[in-house]
**Student:** 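Once you've had a glance at the structure underneath, I'll fire off some questions.
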Amino acid sequence: QVQLVESGGGLVQAGGSLRLSCAASGRSFSGYEMGWFRQAPGKEREFVATIAWSGYYIYYSDSVKGRFTISRENAKNTVYLQMNSLKPEDTAVYYCAARAPVGVVGGSKVEDFDYWGQGTQVNVYS
């Protein structure tokens, strides 16, 4: 049974930092692209960042570029999202996602990804 388990969310003041982790289990994730999405109340789930298996290809949404950093440790089946200079508008539930190898990288749509975690809440106050 595939599981993606996020952790590291919490309450932080604007300008602060948080580091999210996502531990994957239940199958081999060799070759999988891993991504982070977020969903604020009343809004659709939106793309945040994605990283290829190699770690060489990385993409960010414009809203987080320069503030967030995605990384991964394949030996641990874990992906991270370092979030700096947080803003109140970053408040959302953050989801980890895994995309099976399809020959291209750079998925940014919800439907691009095959497995999802349950989410971790991030609250940023001003």
Side-chain angles (χ1 to χ4, degrees):
Q1 182 179 356
V2 173
Q3 273 195 313
L4 302 179
V5 180
E6 302 96 335
S7 60
L11 179 65
V12 64
Q13 190 172 19
S17 298
L18 283 175
R19 189 193 194 205
L20 305 183
S21 298
C22 170
S25 62
R27 63 158 298 134
S28 170
F29 285 89
S30 177
Y32 274 61
E33 183 176 1
M34 300 296 294
W36 287 96
F37 287 72
R38 67 186 182 186
Q39 188 167 16
K43 295 188 176 181
E44 293 186 352
R45 194 169 298 189
E46 66 173 3
F47 167 74
V48 173
T50 187
I51 183 168
W53 167 257
S54 65
Y56 186 78
Y57 296 100
I58 293 176
Y59 303 93
Y60 298 99
S61 69
D62 288 342
S63 60
V64 307
K65 198 174 296 182
R67 300 188 297 123
F68 291 10
T69 302
I70 189 172
S71 61
R72 65 190 297 167
E73 286 189 77
N74 291 336
K76 295 182 178 180
N77 277 346
T78 300
V79 62
Y80 306 98
L81 187 68
Q82 177 67 42
M83 305 187 296
N84 298 329
S85 302
L86 282 161
K87 304 175 181 180
E89 50 264 44
D90 294 318
T91 293
V93 178
Y94 282 72
Y95 296 91
C96 172
R99 184 189 192 195
V102 293
V104 295
V105 297
S108 62
K109 300 177 182 177
V110 170
E111 55 264 35
D112 289 336
F113 289 80
D114 303 287
Y115 302 104
W116 293 86
Q118 83 290 347
T120 186
Q121 179 71 47
V122 172
N123 289 305
V124 184
Y125 65 95
S126 58

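Quick caveat, the model's predicted, so the values are computed rather than measured. The residues of the chain are indexed from 1 along the displayed sequence.
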**Student:** Can you tell me if Glu44 has over 12 outside heavy atoms packed within less than 6.0 Å of its CD?
**Tutor:**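 Not buried by this count: 12 neighbours or fewer within 6.0 Å.
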**Student:** Does the Gln39 side chain pair with the main chain of Ala92, one donor and one acceptor, at a distance under 3.5 Å?
**Tutor:**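 No: the side chain of Gln39 does not pair with the backbone of Ala92.
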**Student:** Which residues pass the side-chain contact (heavy atoms from CB on, under 4.5 Å) test with Asp90, not counting sequence neighbours?
**Tutor:** Arg38, Arg67, Phe68, Leu86, Lys87, Tyr94, Val124
**Student:** Quiz question: by atom type and distance under 3.5 Å, do the side chains of Asn84 and Ser17 form a donor-acceptor pair?
**Tutor:** yes
**Student:** Tell me, please, which residues at least two apart from Tyr60 pass side-chain hydrogen bond (donor to acceptor under 3.5 Å, both in side chains).
**Tutor:** none
**Student:** Of all the heavy-atom pairs spanning Leu20 and Trp36, show the shortest one and how long it is.
**Tutor:**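 What the structure gives for the nearest pair is CB-CH2, 3.7 Å.
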**Student:** May I ask you to decide if the ring planes of Tyr57 and Tyr59 are parallel, tilted or perpendicular, using 30° and 60° as cut-offs?
**Tutor:** parallel
**Student:** Can any side-chain N or O of Ser30 pair as donor or acceptor with the backbone N or O of Ser28 at less than 3.5 Å?
**Tutor:**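 It does not hold such a pair.
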**Student:** Quick one: does any side-chain atom of Gln82 pair with a main-chain N or O of Thr69 as donor and acceptor, under 3.5 Å?
**Tutor:**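 Not at all, since once roles are kept as given, no pair shorter than 3.5 Å links the two residues.
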**Student:** Is Tyr56 linked to Val105 within one hydrophobic cluster, defined over Ile, Leu, Val, Met, Phe, Trp and Tyr using a side-chain heavy-atom separation of less than 4.5 Å?
**Tutor:** yes
**Student:** Do Val48 and Tyr115 share a hydrophobic cluster (ILVMFWY, side-chain heavy atoms under 4.5 Å, transitive)?
**Tutor:**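 Yes, same cluster.
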**Student:** Counting N and O atoms only, with roles assigned by atom type, does the side chain of Gln121 sit under 3.5 Å from a partner on the main chain of Gly9, one being a donor and the other an acceptor?
**Tutor:** no
**Student:** Does the pair Asp114 and Val2 meet the rule for a side chain to side chain contact (heavy atoms under 4.5 Å, CB included), with working shown?
**Tutor:** CA-CA 10 Å; Asp114 303 287; Val2 173; over 6 Å; no
**Student:** Looking only at heavy atoms, what is the nearest atom pair of Asn77 and Arg27, with distance?
**Tutor:**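 Closest approach of Asn77 to Arg27, heavy atoms only: ND2-O, 4.3 Å.
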**Student:** So, the side chain of Thr50 versus the backbone of Met34: is there a donor-acceptor pair under 3.5 Å, distance only?
**Tutor:**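 A pair under 3.5 Å: yes.
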**Student:** Which atoms form the tightest heavy-atom contact between Leu4 and Ala24, and what is the distance?
**Tutor:**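 So the minimum-distance heavy-atom pair works out to CD2-CB, 3.4 Å.
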**Student:** Check Ser126 against Ala14 and note the closest heavy-atom contact, atom names and distance.
**Tutor:**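 Looking at all heavy atoms of both residues, the shortest contact is CA-CB, 4.2 Å.
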**Student:** Is there a path of hydrophobic side-chain contacts, each under 4.5 Å between heavy atoms, that joins Ile70 and Phe113?
**Tutor:** no
**Student:** Applying the 4.5 Å side-chain criterion to the ILVMFWY set and letting contacts propagate, would Phe29 and Ile51 be lumped into a single cluster?
**Tutor:**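 As far as the 4.5 Å side-chain criterion goes, Ile51 and Phe29 are connected within one cluster.
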**Student:** Should the heavy atoms of other residues, nucleotides or ligands under 6.0 Å from CD of Gln1 be counted, would the total exceed 12?
**Tutor:**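 Result for CD/Gln1: open.
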**Student:** With Arg45, which residues qualify under salt bridge (charged side-chain N to carboxylate O under 4.0 Å, His left out), at least two apart?
**Tutor:** none
**Student:** Is there a side-chain contact between Pro101 and Tyr32 (heavy atoms, below 4.5 Å)?
**Tutor:**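 Yes; the side chains approach each other to less than 4.5 Å.
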**Student:** Write down the atom of Val79, the atom of Cys96, and the distance for their closest heavy-atom approach.
**Tutor:**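 Smallest interatomic distance, heavy atoms only, reads CG1-SG, 3.8 Å.
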**Student:** Do Tyr80 and Trp53 belong together in a cluster built from hydrophobic side chains that touch within less than 4.5 Å?
**Tutor:** no
**Student:** Looking only at heavy atoms, what is the nearest atom pair of Ser108 and Phe47, with distance?
**Tutor:**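 Reported closest heavy-atom pair: O-CB, 3.2 Å.
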**Student:** Checking Arg72 side chain against Glu33 main chain: does a donor-acceptor pair fall under 3.5 Å?
**Tutor:**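 Flag not set: sc Arg72 to bb Glu33 has no pair under 3.5 Å.
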